[in-house]
Amino acid sequence: MSSTIVWLRDDLRLDDNPALSAAAAGPDRMTVVYILDEVSPGIRPLGGAAKWWLHHSLAALSADLESKGSRLLLRRGAASAELRGLSEETDAGSILWNRRYGLAERTVDAGIKEWAAGQGITATSFQANLLFEPWTVRTGTGGPYKVFTPFWRSCLAGAEPRMPADAPQRLPQPAPAASGSLPVSDSLDSWGLLPRRPDWSTGLAETWTPGERGAGLRLEDFLDGPVEEYGTGRDLPGVEGTSRLSPHLRFGEISPFRVWQALRQRYPRNAPADVGTFRSELGWREFCWHLLYENPGLATDNYRREFDRFAWQTPSDAELTAWHQGRTGYPLVDAGMRQLWQTGWMHNRVRMAAASFLVKNLLADWRLGEAWFWDTLVDADAASNPANWQWVAGSGADASPYFRIFNPVTQSKKFDSRGRYLRRFIPELADLDDKAVHEPWKDSTAADAYPAPLVGLQESRARALDAYQQLKEG
DNA sequence: TGGTAGTTCCG
DNA sequence: GGAACTACC
């Protein structure tokens, strides 16, 4: 008897999952498989925080599938080999998946599609993780967009994103192997995705609930309040003003179509400007994937190739470690880096300030920062992380102008004036008053507990402007 | 989705 | 002394 394989990747959900829904609507038995592929060429290994998330997300997904009569099969290895084996084991007549957009991933998928065609197996892919697929958004002259605003305007001018599909009520039974028993699954624990000695994941577990249910609750919480003041609230790191949906979107625990529709339903017309601002953040996610699709080397190559000649300085071990550990002596940067380490996430405005500090005040190559964020963020994806680092560095598409150098003191005075965020993540500063907390080096009582500034803002700023000036002239 | 420095103007 | 404005980086 023929069966269907649903291959899940960055779409760890039952809701609005077109591949899963298509299988559920058919008559076949169904094998749902997740493959941990660390060996196919060009696939970027997951960072540590992402591994932690993946473990818990798969555990949640597995339970959700079982509650509907299905099960999650886990396999590890090259995706193509695993799928071939599994197709044979389960006598699969079709393989279904939701599309992904990185070059290495597309290459794997295309290879499987070709193999399947030769075997008489139907391989079908669906749009599930982007509202606007990269190749569908074109400028008037047929090229890809390089600037966000016209990109997003073009997206919004087209057809409204489709309605999301509800999760199937019931799922087909798992397909047996030829032997009659179910195909063998790896145990999740055997993958070793969770940190061991030391276990740094406590703060992550306190902050997040990976999985589809956690994602839905985040969306509800956001719609119940912060969304209406998103325009101002999102800039205040001491306030819960953002959606915090990023890691859930990263792993596909919630569909962007579901988020879009939830906003549409809540604000059928005349949505407040804040809602438009939030939508445009979804737009930045789309734009980053658009950029990665057109520039597969986004994480390694300067988008603006003239930056290949830029005179990045190799930071000393002490400097890089101070940045990693949140001990640069600049409270906003340090609070952000500690939030990142403790919770796997950093507020967006603080990301900009912390990244600007590394790339401009320390004059370090943006790839060093990109790599650290890749390893420590729960929401780092292959598009947004490099695209945003290049945005900060000035080497990217629609990038921040080179002379825009964030002043971490000005930023914290402006966006965390009471020092609420600073004190939360830097206990050494808890007793300083609202003025000194932004500039602890001016307060003698802070001197022993908190590091002195790693570099002077004036000199390091001037040095960065010089380096950029040389690039322009050179 | 900035910052700085210089200027004017004000209390 | 600092808010507000501007030109420039």
Side-chain angles (χ1 to χ4, degrees), chain A residues 145-153 226-227 229-239 241-244 246 273-288 291 303-304 306-307 310-311 330-333 336 345-363 366 369 373 379 383-417 421 434-435 438-439 442 453 455-474:
Chain A
Y145 281 97
K146 299 178 169 69
V147 180
F148 172 72
T149 303
F151 167 83
W152 191 231
R153 193 178 307 136
V227 66
E229 291 157 86
Y230 184 72
T232 49
R234 61 152 183 176
D235 269 332
L236 309 175
V239 166
T242 68
S243 75
R244 290 182 172 254
S246 54
D274 299 81
V275 174
T277 304
F278 177 68
R279 276 202 194 98
S280 79
E281 294 303 324
L282 293 176
W284 273 98
R285 174 174 176 272
E286 303 278 328
F287 183 57
C288 291
L291 290 174
Y303 176 91
R304 292 173 54 180
E306 63 265 34
F307 273 78
F310 190 84
Y330 290 101
L332 189 69
V333 173
W345 186 87
M346 195 195 306
H347 188 277
N348 181 251
R349 175 151 291 280
V350 188
R351 291 188 198 199
M352 292 191 281
S356 175
F357 185 81
L358 180 74
V359 166
K360 297 184 176 173
N361 297 100
L362 296 182
L363 221 56
W366 60 265
F373 274 30
D379 65 15
S384 297
N385 196 47
N388 284 316
W389 271 95
Q390 294 218 49
W391 181 88
V392 172
S395 67
D398 198 11
S400 184
Y402 76 86
F403 49 79
R404 186 184 289 168
I405 298 171
F406 283 67
N407 179 324
V409 178
T410 308
Q411 288 284 315
S412 70
K413 284 179 178 169
K414 197 165 165 187
F415 296 107
D416 188 39
S417 54
Y421 177 77
D434 289 356
K435 187 167 160 59
H438 301 287
E439 301 172 278
K442 291 185 175 172
V455 292
L457 292 181
Q458 304 273 331
E459 309 90 90
S460 57
R461 180 175 197 274
R463 185 175 68 147
L465 288 173
D466 277 353
Y468 283 110
Q469 191 61 35
Q470 277 181 31
L471 181 71
K472 255 191 359 183
E473 291 167 359

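Residue numbers begin at 1 in each chain, while the letters A, B, ... track the order of the sequences. Not measured: the values here are computed from a predicted model.
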(request) Could you tell me which residues satisfy ring-ring contact (aromatic ring centres under 6.0 Å, His included) with Y330(A), sequence neighbours excluded, listed by chain and number? (result) F357(A), W441(A)

Validation: residues 394-406 of chain A side-chain donor-acceptor distances under 3.5 Å, sequence neighbours left out:
residue	atom	partner	partner atom	Å
S395(A)	OG	Q390(A)	OE1	2.7
D398(A)	OD2	F148(A)	N	2.9
Y402(A)	OH	K472(A)	NZ	3.2

(request) Spell out protein contact along nucleotides 1-6 of chain B as letters: B when the base is contacted, S when just the sugar-phosphate is, - when no protein heavy atom is under 4.0 Å; keep the 5' to 3' order. (result) BBSSS-

(message) Per the salt bridge (Lys or Arg N to Asp or Glu O under 4.0 Å) rule, what does the pair list look like for residues 348-362 of chain A, sequence neighbours excluded?
(response) D235(A)-R349(A), R351(A)-D379(A)

(message) Could you tell me how far apart K413(A) (NZ) and dA3(C) (C1') are, to the nearest whole angstrom?
(response) 15 Å

(message) Please enumerate all residues that pass salt bridge (Lys or Arg N to Asp or Glu O under 4.0 Å) together with E229(A), with sequence neighbours excluded.
(response) none

Considering only nitrogen or oxygen atoms on both sides, find all protein atoms under 3.5 Å from nucleotides 5-7 of chain C and state each distance.
none

(request) Examine distances only and state if a side-chain atom of H438(A) and a backbone atom of P408(A) form a donor-acceptor pair shorter than 3.5 Å. (result) no

(request) With sequence neighbours excluded, tell me which residues meet ring-ring contact (aromatic ring centres under 6.0 Å, His included) with Y421(A). (result) F425(A)

(request) Just jot down the side-chain contact (heavy atoms from CB on, under 4.5 Å) partners of D466(A), sequence neighbours excluded, or say none. (result) none

(request) List for me each residue that meets side-chain contact (heavy atoms from CB on, under 4.5 Å) alongside A383(A), sequence neighbours excluded, and say none if there are none. (result) C288(A), W289(A), L292(A), D381(A)

